[in-house]
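Bear in mind the structure is a predicted one, so any value in this text is a computation, not a measurement. Position 1 is the first residue of the sequence; numbering continues from there.
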Amino acid sequence: MIIEILLVILFILALSLFLIFLKTWHIHIILKNNNLDYSFDIKINFLFFNIFLFTIEKIVYLKLQASFFSKTLDIFELKLNDEKSEEIENTSSENEEGTFDKIKQVLPLLDDSKGDLYYIIKLIIKMVKFDESYVILNMGLLENDLTIKLCTLLWALAAPLYPLNFKLYLTPEMNKFLVKSDVNVKFDILLFNLIKILFYILRRDRLRELIKVLTQ
């Protein structure tokens with residue numbers, strides 16, 4: 001009897017792993033940003049589960065739902081930050097200066113990582129199926145040569161994705177500082193493929209350094 005129970009448990013675990021890694025995850029990301037004044041709404045659909053990560057007045061929420069046929073069941077909802085502790089006290093000029101300094105720090109790392117980034121784009125082309133998706137980006141870095149350099153790099157990275165229904169609408173802004181974006185991206189991916197991309201990123205020193213700077 002114990003052996004039969006263990007076999008059933010093993011079968012359930014194997015089936016669960018198969019579903020998690022080899023069934024499609026549907027992801028929809030909406031992000032609006034204006035010089036770090038941002039909001040986002042992310043929805044992940046997998047089998048009959050819906051996962052939501054979103055902001056309301058700078059507060060980040062996580063919500064899980066289960067959908068069965070025409071009925072939806074709310075499982076839980078969590079507030080991931082506290083509006084008082086996370087309230088931004090800096091002035092807009094301080095935010096602008098900090099953002100500009102970070103971009104100047106990131107730009108040489110991006111340039112140094114071009115080969116790795118192009119390889120990730122190739123992986124995305126093979127592993128990701130996009131629905132109609134776009135990124136509208138206005139980019140100005142005060143120094144026009146930096147603006148043109150970054151915009152050229154972004155255009156080059158996004159170009160291979162155009163046949164996949166992913167479009168980048170990029171406007172360089174001369175003689176001013178502006179980072180304004182409107183992102184609406186929908187795609188399907190297998191978790192197994194996502195892990196392959198993440199594993200490649202973790203193995204590359206330059207990409208790890210880039211992520212470290214971006215998340216500081």
Handout entry: Expected output: side-chain N50 to main-chain Q65 donor-acceptor under 3.5 Å
Key = no
Handout entry: Hydrophobic cluster membership, I136 vs L153, 4.5 Å side-chain cutoff
Key = no
Practice task
Nearest 0.5 Å please: distance from the CG atom of N138 over to the OG1 atom of T171.
Solution key: 4.5 Å
Handout entry: Test: K43 cationic atom under 6.0 Å from F54 six-membered ring centre, within 45° of axis
Key = no
Exercise for the section: For A156 and P160, work out which heavy atoms get closest and say how close. Expected result: O-CD, 3.3 Å
Handout entry: side chain to side chain contact (heavy atoms under 4.5 Å, CB included) between K149 and L107, worked out
Key = CA-CA 9 Å; K149 187 175 182 179; L107 189 53; 4.3 Å; yes
Problem - Aromatic ring pairing Y200/Y119, orientation class (parallel under 30°, perpendicular over 60°, tilted between) - result: tilted
Problem - Y118 atom OH, neighbour heavy-atom count above 12 within 6.0 Å - result: yes
Practice task
Please list, chain by chain and in numerical order, all residues satisfying side chain to side chain contact (heavy atoms under 4.5 Å, CB included) with N184, sequence neighbours excluded.
Solution key: H28, I30, Y134, K186
Handout entry: Any M127 side-chain heavy atom under 4.5 Å of I197 side chain
Key = yes
Completion exercise
Interatomic distance, CD1@I195 vs CG@L191, rounded to 0.5 Å, equals 4.0 Å
Problem - Non-hydrogen side-chain atoms of Y61 and L80 separated by less than 4.5 Å - result: no
Exercise for the section: Quick one: closest heavy-atom pair of V179 and N33, and the distance? Expected result: O-ND2, 3.2 Å
Handout entry: Considering all heavy atoms, the nearest V185-F187 contact
Key = CG1-CD2, 3.7 Å
Handout entry: Approximate separation, where rounding is to 0.5 Å, of I27 CD1 and F130 CZ
Key = 10.0 Å
Problem - Chi angles and distances behind the side chain to side chain contact (heavy atoms under 4.5 Å, CB included) call for L142, N175 - result: CA-CA 5 Å; L142 289 178; N175 301 314; over 6 Å; no
Handout entry: Charged N-O contact under 4.0 Å between K129 and D188
Key = no
Completion exercise
Closest non-hydrogen contact found for I125 with L161 is CG1-CD2, 4.0 Å
Problem - Polar side chain donor-acceptor pair, D131 to N165, under 3.5 angstrom - result: no
Practice task
Give a yes or no on whether I121 and F199 share a hydrophobic cluster (residues Ile, Leu, Val, Met, Phe, Trp, Tyr; joining criterion: side-chain heavy atoms under 4.5 Å apart).
Solution key: no
Practice task
Kindly say whether the aromatic ring centers of F68 and F48 come within a distance under 6.0 Å.
Solution key: yes
Practice task
State, with a plain yes or no, whether a side-chain heavy atom of I189 is found less than 4.5 Å away from one of T24.
Solution key: no
Practice task
Consider only side-chain heavy atoms of I, L, V, M, F, W and Y, link residues closer than 4.5 Å, and tell whether I51 and L53 are in one cluster.
Solution key: yes
Exercise for the section: Examine L146 and L178 and state if one hydrophobic cluster contains both, with Ile, Leu, Val, Met, Phe, Trp and Tyr joined whenever side-chain heavy atoms are less than 4.5 Å apart. Expected result: no
Handout entry: Considering all heavy atoms, the nearest M174-I148 contact
Key = CE-CD1, 3.9 Å
Handout entry: L168 side chain near Y162 side chain, heavy-atom distance below 4.5 Å
Key = yes
Handout entry: Short N-O contact, E173 and K176, less than 4.0 angstrom
Key = yes
Practice task
Please name the pair of heavy atoms, one in T147 and one in P172, separated by the smallest distance, quoted to 0.1 Å.
Solution key: CG2-CB, 4.0 Å
Exercise for the section: Applying side chain to side chain contact (heavy atoms under 4.5 Å, CB included), run through I44 and F49 and close with a yes or a no. Expected result: CA-CA 8 Å; I44 302 172; F49 291 106; over 6 Å; no
Problem - Euclidean distance, L73 CG relative to L64 CG, rounded to 0.5 Å - result: 9.0 Å
Handout entry: Spacing of F177 atom CZ and L141 atom CG [to the nearest 0.5 Å]
Key = 6.5 Å
Practice task
Decide yes or no for K58 and D37: does some side-chain heavy atom of the first lie under 4.5 Å from some side-chain heavy atom of the second?
Solution key: yes
Handout entry: Within one Ile-Leu-Val-Met-Phe-Trp-Tyr cluster: L207 and L123, side-chain cutoff 4.5 Å
Key = yes
Problem - From CA spacing to verdict: side chain to side chain contact (heavy atoms under 4.5 Å, CB included), F40, K32 - result: CA-CA 6 Å; F40 59 82; K32 296 183 183 295; over 6 Å; no
Practice task
Using a strict cut-off of less than 4.0 Å between a Lys/Arg side-chain nitrogen and an Asp/Glu carboxylate oxygen, indicate whether R208 and D116 qualify as a salt bridge.
Solution key: no
Completion exercise
CG (L210) and OG (S113) are apart, to the nearest 0.5 Å, by 5.5 Å
Exercise for the section: Taking the side chain as every heavy atom from C-beta outward, state whether K63 and F76 have any pair of such atoms under 4.5 Å apart. Expected result: no
